[in-house]
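Here is how names work: the chains are called A, B, and so on, in the same order as the sequence lines, proteins then strands, and each is numbered from 1.
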2 protein chains.
Amino acid sequence: MTLNTLVDHSNCEDCPIRHRAVCARCDADELVALEEIKYYRSFEAGQTIIWSGDQMNFVGSVVSGIASLTQTMEDGRTQMVGLLLPSDFVGRPGRDSAPYDVQATTDVVMCCFRKKPFEDLMGSTPHIAHRLLQMTLDELDAAREWMLVLGRKTAREKIASLLSIIARRDASASQKGSSGPIVFDLPLTREAMADYLGLTLETVSRQISALKKDEVILLQGKRHVTVPDIGRLMEEAGDDSDGGFLV
Amino acid sequence: MTLNTLVDHSNCEDCPIRHRAVCARCDADELVALEEIKYYRSFEAGQTIIWSGDQMNFVGSVVSGIASLTQTMEDGRTQMVGLLLPSDFVGRPGRDSAPYDVQATTDVVMCCFRKKPFEDLMGSTPHIAHRLLQMTLDELDAAREWMLVLGRKTAREKIASLLSIIARRDASASQKGSSGPIVFDLPLTREAMADYLGLTLETVSRQISALKKDEVILLQGKRHVTVPDIGRLMEEAGDDSDGGFLV
DNA sequence: AGAAAACCTTGACCGAGATCAAGTGGACGC
DNA sequence: GCGTCCACTTGATCTCGGTCAAGGTTTTCT
């Protein structure tokens with residue numbers, strides 16, 4: 001899923017601009033070229049960034065906040081099909097209309113590039129095209145991993161899977177390497193979690209309570225989560241030992 | 001889904017070799033270069049083509065038959081995450097190990113390219129890299145469309161969705177354009193359908209019987225299906241009028 | 001041909017998760 | 001401070017699809 005930070009930032013620490021999702025290696029010329037066609041846009045929590053079917057005249061990446069990709073049936077059933085975290089890429093070079101809604105789950109800042117010049121740049125810069133292919137392959141793997149979650153896991157396993165992804169992402173951001181407890185704030189409402197997991201919000205609530213009761217997680221308030229033992233959480237998720245997810 | 005024929009073959013009718021999935025426009029030089037590194041492999045129905053985690057030293061495309069991508073949990077629960085039809089591409093340039101099992105659902109012939117030379121070719125031929133990006137984006141869209149099926153549709157809708165995809169693919173192959181009945185043979189066992197839809201085989205069987213009783217489909221034997229009214233079938237699938245699926 | 005193995009169907013029953021409904025608790029505006 | 005709203009929790013009940021079991025049909029093997 002786009003839950004992964006799709007990019008290796010390790011050799012890119014002092015990148016002068018914010019679209020590191022695209023510039024894996026901070027090549028100076030590419031950065032200058034990108035710099036010239038970029039602009040920022042802000043969105044408030046709850047706002048729809050792109051409607052399914054809309055013309056998309058930009059591509060870009062999330063700078064801060066969390067956006068979600070959702071599909072909706074006529075009768076209102078909705079399924080979240082991806083989460084966009086900071087540095088994740090949005091848009092499909094070569095396509096003109098969006099295949100699903102993109103919504104701001106929290107307040108979001110995006111760094112956008114006008115599509116046409118970006119595509120031109122891609123044509124003349126194989127490195128960017130290659131990077132984009134790698135990112136898209138990662139997203140495809142993550143989407144397929146999520147198909148297993150949606151199709152075959154129980155409600156409890158689904159919740160554990162989601163928490164485990166978020167926990168491990170946060171761990172890699174802050175307490176990387178250490179095997180101590182992981183602490184984070186849930187960036188999603190119960191309803192958003194339900195839409196991601198193919199459940200109802202009541203079931204999400206019940207299963208979170210159950211995991212709390214069994215001390216797989218600790219809660220302070222409704223959103224602040226402590227995971228005392230990530231291994232235990234991953235067992236609950238039914239994942240094989242090392243996780244499988246590309247986080 | 002890889003259910004789509006991912007490539008526009010329309011201007012490629014007399015393509016002299018079989019990897020049209022890669023050569024969207026039959027550029028002569030590319031074809032010659034690809035020709036030099038290609039070879040064929042055959043697999044029998046039921047055989048595993050690639051094991052999850054295996055080193056993959058080739059990429060390629062399906063020439064005939066149907067292959068499936070599946071993920072399996074330790075306890076044996078399995079979820080099919082993609083169907084590979086003729087012309088669909090297999091492999092991830094730039095990656096060395098396979099993320100899921102690839103199995104021959106029917107007898108399969110694949111046209112393979114050794115990975116290293118193929119990657120070299122990609123580097124020197126932006127056109128191929130671009131094509132591959134487009135194909136991967138299509139697969140990503142299809143995978144996400146399938147997430148809606150897995151997460152939010154009822155058993156009956158799931159079956160109708162699958163039949164509808166197969167029917168429309170077959171229709172575009174044979175009776176294209178015409179609005180008459182569509183006839184095809186199911187290329188999957190009930191169990192494979194169940195694995196694809198996140199159901200049990202009993203439920204698949206029951207729902208197919210129900211669709212037959214309601215005359216949404218007609219059956220001769222267990223596999224030969226007639227769809228008298230594709231619009232009706234798509235209604236049953238819960239798809240919006242024009243389908244959504246990129247077939 | 002006959003036996004065995006796949007593959008598929010149908011029935012009876014059960015349970016995980018949905019649905020319906022009420023209530024809690026914190027944030028915010030007045 | 002108090003009411004209102006929103007996100008969340010919890011309970012009671014129902015239902016869809018899973019599970020277990022038996023039987024039928026087609027294909028394959030000997």
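B:Trp146 and B:Tyr196 have parallel rings, their planes meeting at less than 30° on a 0 to 90° scale where 60° marks the start of perpendicular.
For residues 44-65 of chain A, the set of pairs meeting the salt bridge (Lys or Arg N to Asp or Glu O under 4.0 Å) definition, not counting sequence neighbours, is empty. Evaluation of the salt bridge (Lys or Arg N to Asp or Glu O under 4.0 Å) test over residues 101-112 of chain A, restricted to residues two or more places apart or in two chains, returns none.
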Protein N or O to nucleotides 4-6 of chain C N or O, pairs below 3.5 Å:
none

Distances under 3.5 Å only, N/O to N/O: pair up the protein atoms with those of nucleotides 3-6 of chain D.
none

Between the protein and nucleotides 24-29 of chain C, are there any N/O to N/O pairs under 3.5 Å, and if so, what are the atom names and distances?
none

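Minimum interatomic distance between A:Leu84 and A:Leu69 (heavy atoms only, all atoms of both residues): CD1-CD2, 3.8 Å. Closest non-hydrogen pair, B:Gly65 versus B:Pro86, comes out as O-CD, 3.3 Å. Residues A:Glu74 and B:Asp239 come closest through the heavy atom pair OE2-O, 3.7 Å. Considering every non-hydrogen atom in both B:Ser68 and B:Leu83, the closest pair reads CB-CD2, 4.1 Å.
For the helix from C:dA1-D:dT30 to C:dC30-D:dG1, the terminal axes (five pairs an end, C1' atoms, rotation from four pairs onto the next four) enclose an angle of 40°, given to 10 degrees.
By the side chain to side chain contact (heavy atoms under 4.5 Å, CB included) test, A:Gln220 is found to be paired with A:His224, A:Thr226, residues two or more places apart in sequence or in another chain being considered. Remark: B:Lys115 engages B:Glu119 in a salt bridge (Lys or Arg N to Asp or Glu O under 4.0 Å) (not counting sequence neighbours). Judged as a side chain to side chain contact (heavy atoms under 4.5 Å, CB included), and not counting sequence neighbours, the contacts of A:Thr106 are A:Ile66, A:Val108. With sequence neighbours excluded, the residues that form a salt bridge (Lys or Arg N to Asp or Glu O under 4.0 Å) with A:Arg232 are A:Glu236.
Looking at which nucleotide of DNA chain D each of A:Arg152 and A:Leu188 is closest to, the 5′-most match is held by A:Leu188. Residue-to-nucleotide proximity on DNA chain D shows that, of A:Arg223 and B:Ala155, the 5′-proximal contact is made by A:Arg223.
Residues B:Lys153 and B:Ser161 are in side-chain contact: their nearest non-hydrogen atoms beyond the backbone lie under 4.5 Å apart. You'll find the side chain of B:Leu186 reaches within 4.5 Å of the side chain of B:Leu163, heavy atoms only.
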Donor-acceptor pairs under 3.5 angstrom involving side-chain atoms of residues 202-214 of chain A: please list them, not counting sequence neighbours.
residue: A:Thr203; atom: OG1; partner: A:Thr200; partner atom: OG1; Å: 3.1
residue: A:Ser209; atom: OG; partner: A:Ser205; partner atom: O; Å: 3.0
residue: A:Asp214; atom: OD2; partner: A:Arg156; partner atom: NH2; Å: 2.3

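Taking a cutoff of 4.0 Å between a charged side-chain nitrogen and a carboxylate oxygen, B:Arg92 and A:Asp138 do not qualify as a salt bridge.
The distance from atom CZ of B:Arg190 to atom C1' of C:dT9 is 9 Å, rounded to the nearest whole Å. A straight line from CD1 of A:Ile159 to P of C:dA16 spans 16 Å, rounded to a whole angstrom. Atom NZ in B:Lys158 sits about 11 Å away from atom C1' in D:dC16, given to the nearest Å.
Residue A:Gly198 is in sugar-phosphate contact alone, with no base atom involved, counting any heavy-atom pair closer than 4.0 Å across all strands shown.
Under the 3.5 Å distance criterion, the side-chain polar atoms of B:Arg152 are matched with a main-chain donor or acceptor of A:Leu199.
Contacts between residues 200-210 of chain B and DNA chain D, defined by a heavy-atom separation below 4.0 Å, involve B:Thr200, B:Glu202, B:Thr203, B:Arg206, listed by number.
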